[in-house]
Structures are given as C-alpha cells and as structure tokens.
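Take a look at the structure set out below.
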Amino acid sequence: MAGKYRVIQYGIGPIGTMVVRYLAGRPRIEIVGAVDADPVKIGRDLGDLAGLDAPLGVRVSGDATELLRRTQADAVVLTTVSSLEEAAPQVLDIVSSGKNIVSSCEELVYPWVTRPGLARAIDLAAKENRVSVLATGINPGFLMDFLPLVMTGICRNVRKVTAERYQDAQFRRLPFQKKIGVGLTPEEFADRMRGGTVRHVGLTESIHLIASGLGWQLERTGESLSAVIAQSRVTARDLTIEPGRVAGVRQIASGYRDGREAIALVFQAAVGEPNPHERIVIEGDPGIELRLNGVNGDAATCAIIVNAIPVVVEASPGLRTMADLRAVSCME
Ligand SMILES: NC(=O)c1ccc[n+]([C@@H]2O[C@H](COP(=O)([O-])OP(=O)(O)OC[C@H]3O[C@@H](n4cnc5c(N)ncnc54)[C@H](OP(=O)(O)O)[C@@H]3O)[C@@H](O)[C@H]2O)c1
C-alpha cells in the first residue's frame, strides 16, 4: 500500500497511550481519531494524553460508533479489555464500519476453541465487510505461543512444547500489577481469585494457538493459579511489599494429547522476581532450547501492535491469528 496508514486509537489506558507514542514516531502512520469511555479523557488532545511534546490535533471522542461512521481509516488499534465477551460489541462495531483491527484483547488471540460462537460471528462479519481482525501482544500473541510454534518449523517431529516466562512485575504498568494481585493479603488474593479478578488472561488461548499450528487435537486443557508470596520486604521503584503479602502470580497451563502433557506453559510475574527470563523448550527431533533475558511486556506489546498494522491491512478478510499472517516485523 502506498501512502500512509490512517489509524484510530480505541482505548487510551497505559497500553493505548504507549501505542500512540509509537504510532506518532512512524512516518507512514497518520492518527485520525481516538476513543475512550473515561469522561476525564473525552475531549482532550490525544498527544497531550500520551505525553507527547506537541498536541496531535486529535480530540478523544466518547462515542465510538459516531466516530467510526464519520472517520475514514485503514485500521483501528483496540486496547480496551481482556474479555472477548466485553470486546465483541466493540469489534463488531469497528468491523461494520469497514475498518481492520489490531487488538491487544487476550481472549481474541485464538478464540476458536474457547469462544467458538463469538469467533465465528467476528470472522463472518469481517469477511462480509472485507476487513481483517487480529489480536496480538507479547503474551498471548508472541512469546509463549507464536514463537515456540515457529521454532517447531525446523523439527522433524515434536513430542512436547514448553514455554516459561518469569517477569519482574515492577517494570509493568499499574493495571497489570493489579491484575496479578500485587500487595494483597493471601486472603484477599484467594477472594479475588474466586471472583476471577486476579489472573493473567490468555494462557489457554496460547495453548490452542500452538496446538492448532501443530495440527494437534488436544483431549483437554487445564490451568492452575497461585499467589507468589513475598518472603522478605520487597522494595521496588515506588512499591514496597511487606513479607507475607502477595508479590504476584504463578500460573500454569497444560494441554494433553494421547494421555500425556504435550504443551506446558509456566507464567510467573512478581514484583522483585530475581531471575526474569523466558525459556522455550521443544522436545522433538531435533530438540531445541531458547532462552531470552526478560522482555518488557508492555513495550513489546505496543511494538508488535504497531508493526502488525500493515500486515493486517493487507491480509485477506476474516478473523486472523499470528500463525496465518505474513511475518510481522519492525516497520519503519
Ligand atoms: N496480549 C498481550 O500481551 C497484552 C499485553 C498488555 C496488555 N494487554 C491488554 O490490553 C488491554 C489494555 O491494557 P491497559 O493496561 O491499557 O488497560 P486499562 O488500563 O484498563 O485501559 C483501557 C482503557 O480503555 C477504556 N475502555 C474500556 N472499555 C471501553 C469501551 N467500551 N469504550 C471505550 N473505551 C473503553 C478504559 O476506560 P475506563 O477506564 O473508563 O474503563 C481505559 O481508559 C488490557 O485488556 C490488557 O490486559 C494485552
């Protein structure tokens, strides 16, 4: 595509504002609109909200449907919610206005098994409106699903895929720290765990993305969640966590095939985590091990979202996944 990609930013929390800073630095991107539900942000200049040196001349709208109808754009970056149930009306509204989507919604990364009805409805609407929809990010979307899947491309056969991610959550944004229960008592953590409000979203979607890429039929999947408790006082940036309080989460997801664990994902995010790293192990022929030294999830999520815009605009219509698009690479 010659010329600039016209982009609307929908959802202006910490991820949306970081995306705006990345978009603003790209010569082939023009930001043409912005939406958020928060009354404090509505009417403000997007550049000011994102902490840019100069205003962008784009005011934040509180009425997504109206903005989408009156604004010509190639793509919408949707960074509002993790739940597909909640995101689906936003996705369908955007698609029906004829715009492609790149989203950070975790449950949209691979919803074909976990939310098949919504996946089909979004796929159909995207095809009818000749646009494509992709959800991506660091995790889910890349480190614990797409990257291990791509690594199996040099294997003659694969018996098991394991991906581990240990993060020091002090470097993540506040909403992420809240989602992993930082600072709660173990009792408060247990209450919120039962209510489903503390957890990292997307591990099961990552399992299904890997399995589908390998052509594996899984018999079942399972997920477990527990708190990481601070053993001594943790002081990190502007946070102090007393011993006995929650420093983060440990979450394990498994996919089973032929009666044994064939995919294992271990996710641990805690403030003060002593050894942040990612490790991918492919048991197969040949066996492969890859180790990274701790990727900042927020920065990487925003980068992959921005880099995916041209890929999604050029993609064939429908609900796409990272595994069925051309490679997303850093876009000048
Ligand atoms: N895949 C990945 O690797 C990855 C990585 C990072 C983040 N994420 C996900 O990306 C999303 C954004 O992250 P964040 O930290 O920026 O979240 P956040 O702090 O919750 O910000 C989301 C923003 O979107 C607004 N919003 C929510 N629903 C809306 C609606 N229906 N219409 C208009 N605006 C709406 C919110 O307004 P209110 O505050 O008024 O609700 C808020 O300003 C989260 O779901 C997060 O879990 C995914």
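Ligands are counted one by one from 1 in listed order, and the atoms in each one are counted from 1 as well.
- For ligand 1 and Thr79, the ligand atoms under 4.0 Å from any heavy atom of the residue are 12 (C), 22 (C), 24 (O).
- Atoms of ligand 1 found under 4.0 Å from any heavy atom of Ser82, numbered from 1 in the order shown, are 44 (C), 45 (O), 46 (C), 47 (O).
- Considering only non-hydrogen atoms, atom 1 (N) of ligand 1 lies nearest to Pro140 out of Pro140, Gly141, Ala37.
- Residues Leu23 and Ile309 meet the side-chain proximity criterion, which asks for heavy atoms closer than 4.5 Å.
- Set against the non-hydrogen atoms of Gly11, the atoms of ligand 1 under 4.0 Å away are 24 (O).
- Closest protein heavy atom to atom 47 (O) of ligand 1: Lys179 NZ, 2.3 Å.
- Among Glu106, Gln90, Met144, the residue whose heavy atom lies closest to atom 31 (N) of ligand 1 is Gln90.
- Considering backbone and side-chain N/O atoms, Arg172 never comes within less than 3.5 Å of an N/O atom of ligand 1.
- What sits closest to atom 22 (C) of ligand 1 on the protein, heavy atoms only, is Thr80 O, 3.4 Å.
- With hydrogens and angles ignored, the 3.5 Å screen pairs a side-chain donor or acceptor of Asp168 with a backbone N or O of Gly272.
- Tyr166 is listed as a side-chain neighbour of Val266, based on a closest heavy-atom distance under 4.5 Å.
- Of the candidates Ser104, Gly202, Cys105, the one placing a heavy atom closest to atom 48 (C) of ligand 1 is Ser104.
- When all heavy atoms are compared, the tightest approach of Pro148 to Ile282 is O-CD1, 3.8 Å.
- Minimum interatomic distance between Val109 and Pro140 (heavy atoms only, all atoms of both residues): CG2-CG, 3.7 Å.
- Within the 3.5 Å criterion, the main-chain N or O of Glu223 finds no donor-acceptor partner in the side chain of Gln251.
- Put simply, the side chain of Thr152 never gets that close to the backbone of Cys155: no donor and acceptor are under 3.5 Å apart.
- In this structure, Glu86 falls outside the shell of residues with a heavy atom less than 4.0 angstrom from ligand 1.
- The protein atom (non-hydrogen) at minimum distance from atom 25 (C) of ligand 1 is Asp36 OD2, 3.3 Å.
- Judged purely by atom type and a 3.5 angstrom limit, Glu106 has no side-chain atom pairing as donor or acceptor with the backbone of Gly202.
- Annotation: Ile138 places an N or O atom under 3.5 Å from an N or O atom of ligand 1; distance criterion only.
- Taking any N or O of Gly297, backbone or side chain, none lies under 3.5 Å from an N or O belonging to ligand 1.
- In this structure, a donor-acceptor pair under 3.5 Å is absent between the side chains of Glu66 and Ser61.
- With hydrogens left out, the protein atom closest to atom 21 (O) of ligand 1 is Gly13 CA, 3.4 Å, a heavy atom.
- No chain of hydrophobic side-chain contacts below 4.5 Å, direct or via other Ile, Leu, Val, Met, Phe, Trp or Tyr residues, connects Val76 to Val60.
- Taking a cut-off of under 4.0 Å to the non-hydrogen atoms of Val81, the atoms of ligand 1 that pass are 45 (O).
- Here Pro175 has side-chain heavy atoms under 4.0 Å from ligand 1, and that is the only part of it that gets that close.
- Remark: distances from the non-hydrogen atoms of Leu174 to ligand 1 are all 4.0 Å or more.
- Less than 4.0 angstrom separates some heavy atom of Asp38 from each of these atoms of ligand 1: 40 (O).
- At a 4.0 Å heavy-atom cut-off, ligand 1 touches Asn139 through the backbone alone.
- No donor-acceptor pair closer than 3.5 Å links the side chain of Gln167 to the backbone N or O of Pro276.
- Protein heavy atom in closest approach to atom 5 (C) of ligand 1: Thr301 OG1, 3.2 Å.
- Judged purely by atom type and a 3.5 angstrom limit, Glu242 has no side-chain atom pairing as donor or acceptor with the backbone of Arg233.
- At a 4.0 Å heavy-atom cut-off, ligand 1 does not touch Val109 at all.
- For atom 39 (O) of ligand 1, the nearest protein heavy atom lies 4.0 Å or farther away.
- Arg44 places none of its side-chain heavy atoms less than 4.5 Å from the side chain of Lys41.
- The closest approach between Pro14 and ligand 1 falls below 4.0 Å for a heavy atom of the residue.
- Within the 4.0 Å heavy-atom cutoff, Tyr10 counts among the residues contacting ligand 1.
- Side chains of Ile94 and Ile8 form no contact here, defined as non-hydrogen atoms less than 4.5 Å apart.
- Annotation: Asp298 places no N or O atom under 3.5 Å from an N or O atom of ligand 1; distance criterion only.
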